[in-house]
Participant: 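The following block contains the structure, expressed as structure tokens.
What you see below is based on every heavy atom in this structure, not just the backbone, and it leaves out hydrogens, waters and symmetry mates. Given the structure is predicted, the values throughout are model-derived calculations rather than measurements.
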Amino acid sequence: LRDQYGDNVKKIAEDFHTSESTVLNTISMLREPEPVQQALRDGLVTLADVLQLRRVKDERARMKLFHQVIGGRIPKSKISEHVERINRKSKVMSLIPELARDYEEKETRQGTRLDVHIPDDFKLFFTFGASTRIDWELLPQRHILVSAYHVIHRSGRQQMVVDMIEKRNRMDSLMIDSSAIIAMGKSDTDWFDRQPEIVDFANAVDADFVVSLDILCKAHLLEKCKMTLKEAQAKTVENAAQMLDLKTKARKVFTLQGFDKTEYLDTLDEFNDLGILDNNNNVIGIGSQAGERRELTIDRCSFIARHTHDINPHLDMHAFGIGTPYTVVQLYKAGITSVDNATPMVLTRLNKWMTDTGEPSDARFTDQRISAQYQAQMLWNYSTYWVALNKEFHQQQNL
């Protein structure tokens with residue numbers, strides 16, 4: 001009709017009672033390889049299926065996926081999921097070419113997801129290194145925090161990054177942190193200017209949260225980096241302003257910094273002047289908590305949360321580097337909506353804990369750190385029961 005009779009797309013669409021985009025997309029199918037066109041004629045795939053496959057830019061990867069679909073190895077309902085995985089792989093490989101040596105298909109182990117009783121309005125993020133292998137089926141919660149510094153600077157295996165590509169859909173949420181604490185420990189002040197790289201990586205792995213590059217205000221770290229507290233706060237605010245202009249689908253986490261709790265309010269005022277606190281999609285982080293006494297952390301975070309929510313009560317707040325379950329529970333009471341947990345690093349005797357508490361002692365984990373992650377979850381349960389915050393858990397114990 002178009003080539004032989006000169007009909008335009010609008011007339012063809014009207015004659016066939018369809019949209020102009022459907023006409024154009026149908027005509028475009030003539031550019032597909034013959035096996036794809038034949039599969040369309042035979043009804044093995046639909047126009048919508050082929051359009052989804054086209055989102056894979058790599059032709060070899062696209063045809064491999066096509067043959068898996070028509071061969072019945074991948075359901076049509078899963079095409080979009082596989083397309084996203086393939087595109088994630090391409091994006092990450094362009095940023096970390098050496099990842100190819102770690103990229104191999106892994107057999108998926110089936111297991112039972114363990115039950116916990118964490119409140120629905122709270123997230124407990126677990127921190128993983130770039131080389132960690134995770135038995136995803138056993139994790140009771142799958143809020144994951146990964147350090148961009150570890151990923152970008154690591155020369156060894158990066159199994160966690162492979163999982164971000166292959167098993168991203170298994171994560172409840174993924175946060176990419178800058179982990180300036182590692183950079184400062186190495187006096188690597190060049191890292192403070194590499195925030196765009198962090199956002200590029202977060203975009204490549206479809207992160208749910210990406211953290212602004214904040215400078216910790218701990219005396220020994222500032223001394224190593226030859227910075228004053230005011231200079232650290234100024235650089236934190238400068239990076240926050242830059243973060244506002246960077247494009248990402250992830251929620252942005254803007255981290256407050258200070259030493260004395262009142263000094264955090266200086267950064268909070270700067271963030272407020274930038275308009276950060278006006279956007280309910282932003283998350284306000286509280287930094288420099290790792291290694292602090294729990295009483296100090298609870299007092300500091302409660303103080304900062306109260307002042308933040310006086311400005312905007314709808315903002316989510318994240319506390320970084322929280323060490324004990326008791327602290328986690330108290331911060332939840334104070335209005336903090338998520339934390340990342342350092343406790344699993346020091347709690348490793350899972351089987352003894354499970355035996356003592358009556359939990360199934362025959363559980364086995366493939367990674368020692370995952371064993372510790374589960375134990376931290378159990379500690380949350382018992383801490384919650386102890387302070388009588390979670391009625392459901394309390395009732396289950398009474399039963």
Participant: Let me have the donor-acceptor pairs involving side chains of residues 199-210, under 3.5 Å, with sequence neighbours excluded, atom names and distances please.
Facilitator:
residue: N203; atom: OD1; partner: T248; partner atom: OG1; Å: 2.7
residue: N203; atom: ND2; partner: V199; partner atom: O; Å: 3.4
residue: N203; atom: ND2; partner: K247; partner atom: O; Å: 3.0
residue: D206; atom: OD2; partner: R88; partner atom: NH1; Å: 3.3
residue: D208; atom: OD2; partner: R168; partner atom: NH2; Å: 2.6
residue: D208; atom: OD2; partner: L174; partner atom: N; Å: 2.9

Participant: F16: what forms a ring-ring contact (aromatic ring centres under 6.0 Å, His included) with it, not counting sequence neighbours?
Facilitator: none
Participant: Given T236 and T255, is the side chain to side chain contact (heavy atoms under 4.5 Å, CB included) satisfied, shown in steps?
Facilitator: CA-CA 8 Å; T236 293; T255 306; 5.7 Å; no
Participant: Test side chain to side chain contact (heavy atoms under 4.5 Å, CB included) on Q257 and I215; report intermediate values, then the result.
Facilitator: CA-CA 7 Å; Q257 283 291 353; I215 316 303; 5.7 Å; no
Participant: Check ring-ring contact (aromatic ring centres under 6.0 Å, His included) between H67 and all other residues, then give those that pass, not counting sequence neighbours.
Facilitator: none
Participant: Could you give me the CA-CA distance, side-chain angles and deciding distance for M29 and L47, then say whether side chain to side chain contact (heavy atoms under 4.5 Å, CB included) is met?
Facilitator: CA-CA 8 Å; M29 292 298 112; L47 174 64; 3.5 Å; yes
Participant: According to ring-ring contact (aromatic ring centres under 6.0 Å, His included), who are the partners of F320, at least two apart in sequence or on a separate chain?
Facilitator: H318
Participant: Which heavy atom of L315 sits nearest a heavy atom of N282, and at what distance?
Facilitator: CD2-O, 3.6 Å
Participant: Do Q38 and E34 have side chains that get closer than 4.5 Å, going by heavy atoms?
Facilitator: yes
Participant: Is any side-chain heavy atom of W191 closer than 4.5 Å to a side-chain heavy atom of S179?
Facilitator: no
Participant: Would you please test K235 and D193 for side chain to side chain contact (heavy atoms under 4.5 Å, CB included) and show each step?
Facilitator: CA-CA 9 Å; K235 186 62 178 176; D193 296 316; 2.5 Å; yes
Participant: Tell me, do I86 and K64 make a side-chain contact under 4.5 Å, heavy atoms counted?
Facilitator: no
Participant: Any pair with a residue in residues 213-228 that passes salt bridge (charged side-chain N to carboxylate O under 4.0 Å, His left out), sequence neighbours left out, goes on the list, sorted by first then second residue, please.
Facilitator: K218-E292
Participant: Which pairs pass salt bridge (charged side-chain N to carboxylate O under 4.0 Å, His left out) with one or both residues in residues 269-280, sequence neighbours excluded?
Facilitator: none
Participant: Any side-chain donor-acceptor pair under 3.5 Å between R142 and S173?
Facilitator: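 Looking only at side-chain atoms, S173 and R142 do not form any donor-acceptor pair under 3.5 Å.
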Participant: Looking at side-chain heavy atoms only, is the closest gap between L53 and I79 below 4.5 Å?
Facilitator: yes
Participant: Can you see whether D49 engages T46 through a side-chain donor-acceptor pair at a distance of less than 3.5 angstrom?
Facilitator: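 Result is yes, a qualifying pair exists.
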Participant: Less than 4.5 Å apart, any side-chain heavy atom of V9 and any of L24?
Facilitator: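 SC-SC contact between V9 and L24 confirmed.
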Participant: Once you measure the plane-to-plane angle for F122 and Y332, does it fall in the parallel (<30°), tilted (30-60°) or perpendicular (>60°) bin?
Facilitator: perpendicular
Participant: Do any N or O atoms from the side chain of Y264 and from the backbone of G287 form a donor-acceptor pair under 3.5 angstrom?
Facilitator: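 Indeed, once roles are kept as given, a pair shorter than 3.5 Å links the two residues.
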Participant: Between I70 and V45, is any pair of side-chain heavy atoms under 4.5 Å apart?
Facilitator: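 I70 reaches V45 side chain to side chain.
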Participant: Just by modelled atom types, is the K91 backbone N or O under 3.5 Å from a matching donor or acceptor in the S94 side chain?
Facilitator: yes
